[in-house]
S.K.: 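Here it is: the structure, laid out below.
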Amino acid sequence: MDPTPRRSPDSPSFDPRGEDRQLLPFLPMIYVAWADGELTPREIAAIAAQMQERGGLGEDCRQRLARWLDPENPPPPRELAAMLRLMRRAAGELSDRRRLGLAELGMELARAGAADGEGGGGDGEVDRATAAAVAELEQALGVASAEATAEILVPPGPRPKAPAGEPEPAFDVAALTRLLDGEHAEVRQRVRDVLCRPGFAPPAPGQDPPSRDEHRRRVLEWLRVLADQGLGSLSFPAYAGGADDVGKFIAAFETLAYGDLSLVVKFGVQFGLFGGSILQLGGEHHRRRYLAEVGRFELPGCFAMSETGHGSNVRDLETTARYLPASDELEIHTPHPLARKDWIGNAARDGRMATVFAQLIVPGDDGEDEHHGVHAVLVPIRDADGRPAPGVTIEDCGPKEGLNGVDNGRLTFDRVRVPRHNLLDRFGTVSAEGRYESPIPGATKRFFTMLGTLVGGRISVAAAAVSAAKVGLATALRYGAYRRQFGPAGEPEVALLDYQAHQRRLLPRLADAYAHHFAARWLARRFAARSEADAREVETLAAGIKASATWSCIDTLQTCREACGGQGYLAHQRFAALKADTDVFATFEGDNTVLLQLVARACLSDYKQQFGEMRAFHLVRHVLGRAATEIAEKNPVVVRNTDREHLRDPELHLAALRYREQSLLTSVARRLKRRLDDGVDSFTAFNQCQDHLLALARAFTERVVLERFQAALEEVEPGPLADVLRRLAALWALWRLEEDAGWFLENGYLEGVKAAAIRAEVLDLCAELRPHAVPLVDAFAVPRSWLGPIAFGLGTERV
Ligand SMILES: Cc1cc2nc3c(=O)[nH]c(=O)nc-3n(C[C@H](O)[C@H](O)[C@H](O)COP(=O)(O)OP(=O)(O)OC[C@H]3O[C@@H](n4cnc5c(N)ncnc54)[C@H](O)[C@@H]3O)c2cc1C
């Protein structure tokens, strides 16, 4: 709290011509003691007491000094202002006034007879006792003296302006865009062109976000444009108007995510999920019958898997599809309210058909029901005029936190009948004789094979999350490069991005967007080229990278919003929508925590036999094998090595992440094994080790992401671009090590000195990458209209 000035109004002001002339050498310090609020009244009192005890000063001088440093009686603001004017006027004559300390300035004031300037009679002489006292007081004040002088003497008025603009990029930004766009540059450019159309622009500054109805209407219109452009059917066969290229479809989806995410999700539901279910789960007759209409958006459809009672655990969903031999139909039924389909995109307003996932029941030869597990059935839900089909009840899920341009709804089926041929029968069919047939005998394997084919949605969401993060980063980093706050006295204010804290918040996350970009692109390529042999591996990778990319996106967008201060809170800067819309990316297309458990289980698959019939010594032998590696990697020289070259070595980064993954794998396997040996059932054993399993899944995913980042750099020719990207990869890796330093220290992989050196290296890399921040985000080539306007200035100043 400010001390209340209680100096009596009639007490004499500082009088440089009269008795206070003695205090001229102390004047800068008296001023500083009160003016900047850095000293507490207690500290000022202590300094005053120290001066009182000092010999050499005359009694009168001491008393006057004590009066001016009395915490009970601070000088009023006008008094301080008068002191400041006096000092500035007197110092006007000095040539190198900026470099003076407070004591020196005081001595100069006395010598120059500052009081002369006021018409008084300074004699210009300062005795040695006063000089010593001044020096002592300067010490006691404990402030950066030369800076304090500069603050005092800085001319009043606005600071000088910094030159506008950033330095020229040190690398070829267009070449980086080409690298990022990769093999699908043409599709990406087509999507960018659509997003740049005026009709696609987000709400302008000052404009209210659209109402829910209006938003849905616009998204529907936009979706038609995308369908007309042939972008929806890219993964469909040529006979359905497509390009038979799922890689292109994912690239379009990813690029679309620079724009309105409701459109992205509706696009995904219509073409990726509804169309994808027909493509992947249907037979040739389904594909030929429906895909062209789906691709043209003439048959709006839904993907109805989740139920109110079962979201993550879809294997136990309860909607039934019962085969009725008498009419050769399937009867789709919701047995109770919790079994209604919930959250279904496209259901509340536009959808006419749904791929409904239901437990297939077929009467056996003995008349008993045969349960064949979850299958997908095409069910009409509305007629061409938008009226619900007989037996189908449709509800609107209502307003959501985000994605309000998507019409999510609930579907309840009351014994709705569809022809037997509506069963999507690639993995299981009901023959004309009413018999169930499948190329995959086991229901569990069939279920997972079926789900596995739908993993493209998960990959698309991962890629879209990276795009959303890029939009936030491009806005925040461009803003940070020109937005200025604070700075040294008398100089231009400093750009936010020149603050270490700002660099530390944003640059590791920029590296993170690059890391996930390369990982997601590699995953999309692997998915497009997958075979039966590696399908499970691709599913595991998709689960891990989807969880990692979406959580990263959520974290990055919040950091970017904060980095833009109050401006970032305005709706038209897009952070509000981006954050609200991407929040659910952690939940749909597989809840992230549930997905990581799939990853962990896949990591453990090598150990599966040991959990079952193998004896414990096999596991012990494996663990001992690992121990030999651990000893090599925990070499005391390595765990303490803090050389820069070593810390930036990509091999060190990968070795550390591999070590953590292997170590977590071995230790969790050991823990599970112990429980299983003790007779604990596997469900309970896994639950008791769940935290450990999740750590393993995260470690696995981070290792994969780093490998992909490093591998992508091999495509880049040596030169300035490669150099910047190498540093970006090193920053990401070291940031990850730093974030989990607790684990590495706990496990003896790092010693304290090395952990500290990693932290310092992260800061150095941030500083080195700072000049490249804007070119690195410009290379994303986000359409200008979809960045927050603050990326280009506040509309009132030079940028
Ligand atoms: C906006 C939106 C759009 C959607 N669109 C569609 C759509 O078009 N079609 C469709 O079929 N579905 C859709 N969904 C549904 C979505 O797929 C599910 O919400 C999702 O699968 C999660 O299921 P749940 O909501 O029942 O959550 P739950 O499974 O109940 O999970 C709740 C919490 O419990 C945790 N949890 C669950 N199981 C475990 C476990 N074994 N161990 C530890 N923690 C666990 C989860 O991590 C989560 O935090 C959509 C959802 C939303 C919100």
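In listed order, ligands and their atoms are each counted from 1.
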S.K.: With heavy atoms under 4.0 Å as the rule, classify the contact between Lys341 and ligand 1 as side chain, backbone, both or neither.
M.R.: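 Looking at Lys341 and ligand 1, no heavy atom falls under 4.0 Å.
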S.K.: Pairing donors with acceptors under 3.5 angstrom, does anything connect the side chains of Tyr436 and His375?
M.R.: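 Yes, because at least one side-chain N or O of Tyr436 sits under 3.5 Å from a partner of the opposite role on His375.
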S.K.: Does the distance from a Lys or Arg side-chain N to an Asp or Glu carboxylate O, for Glu214 and Arg218, drop under 4.0 Å?
M.R.: yes
S.K.: Among all protein heavy atoms in this structure, tell me which lies nearest to atom 53 (C) of ligand 1, with the distance rounded to 0.1 Å.
M.R.: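 Sorting protein heavy atoms by distance from atom 53 (C) of ligand 1 puts Val584 CG2, 3.3 Å first.
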S.K.: Between Thr475 and Gln573, do the side chains contain an N or O donor and an N or O acceptor separated by less than 3.5 Å?
M.R.: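 Absent: no donor and acceptor within the cut-off.
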S.K.: Run the numbers for me: atoms of ligand 1, each under 4.0 Å from some heavy atom of Thr593, listed by number.
M.R.: 47 (O)
S.K.: Between Asn408 and ligand 1, which part of the residue brings a heavy atom under 4.0 Å of the ligand: side chain, backbone, both or neither?
M.R.: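 For Asn408, only side-chain atoms sit under 4.0 Å from ligand 1.
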S.K.: Which of the atoms in ligand 1, numbered in the order shown and given with their element, are less than 4.0 Å from a heavy-atom of Val594?
M.R.: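 Those atoms are 37 (C), 38 (N), 39 (C).
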S.K.: Give the atom numbers and elements of ligand 1 that come within less than 4.0 Å of a heavy atom of Ser312.
M.R.: 22 (C), 23 (O), 28 (P), 29 (O)
S.K.: Considering both backbone and side-chain atoms of His310, is one of its nitrogen or oxygen atoms within less than 3.5 Å of a nitrogen or oxygen in ligand 1?
M.R.: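 N/O-N/O distance below 3.5 Å does not exist for this pair.
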S.K.: Strictly inside 4.0 angstrom of atom 25 (O) of ligand 1, do you find any protein heavy atom?
M.R.: no
S.K.: Closest approach of Ala586 and Ile554, non-hydrogen atoms and distance?
M.R.: CB-CD1, 4.0 Å
S.K.: Provide the number and element of each atom of ligand 1 under 4.0 Å from a heavy atom of Gly345.
M.R.: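 Near Gly345, meaning under 4.0 Å from one of its heavy atoms, ligand 1 has 7 (C), 8 (O).
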S.K.: Mind checking whether Lys400 has an N or O less than 3.5 Å away from an N or O of ligand 1?
M.R.: no
S.K.: Do any nitrogen or oxygen atoms of Glu589 lie less than 3.5 angstrom from nitrogen or oxygen atoms of ligand 1?
M.R.: no
S.K.: N/O of Phe303 under 3.5 Å from N/O of ligand 1, yes or no?
M.R.: yes
S.K.: Please indicate whether any nitrogen or oxygen in Met305 is less than 3.5 Å from any nitrogen or oxygen in ligand 1.
M.R.: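 Yes - when backbone and side-chain N and O of Met305 are compared with those of ligand 1, one distance drops under 3.5 Å.
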S.K.: Please list, chain by chain and in numerical order, all residues satisfying ring pair (Phe, Tyr, Trp, His ring centres under 6.0 Å) with Phe585, sequence neighbours excluded.
M.R.: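 With neighbours one apart ignored, the set is Phe588.
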S.K.: Can you list every ring-ring contact (aromatic ring centres under 6.0 Å, His included) pair that touches residues 301-322, not counting sequence neighbours?
M.R.: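 Passing the test, one end in residues 301-322: Phe303-Phe357.
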S.K.: Can you find an N/O atom of Asp591 closer than 3.5 Å to an N/O atom of ligand 1?
M.R.: yes
S.K.: May I ask you to identify the nearest protein heavy atom to atom 42 (N) of ligand 1, giving residue, atom name and distance to one decimal place in Å?
M.R.: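 Looking at atom 42 (N) of ligand 1, the protein heavy atom closest to it is Gln690 NE2, 3.0 Å.
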S.K.: Examine the side chains of Asp512 and Ser552 and answer whether a donor and an acceptor come within less than 3.5 Å of each other.
M.R.: yes
S.K.: Any carboxylate oxygen within less than 4.0 angstrom of a Lys/Arg side-chain nitrogen, looking at Asp350 and Lys266?
M.R.: yes
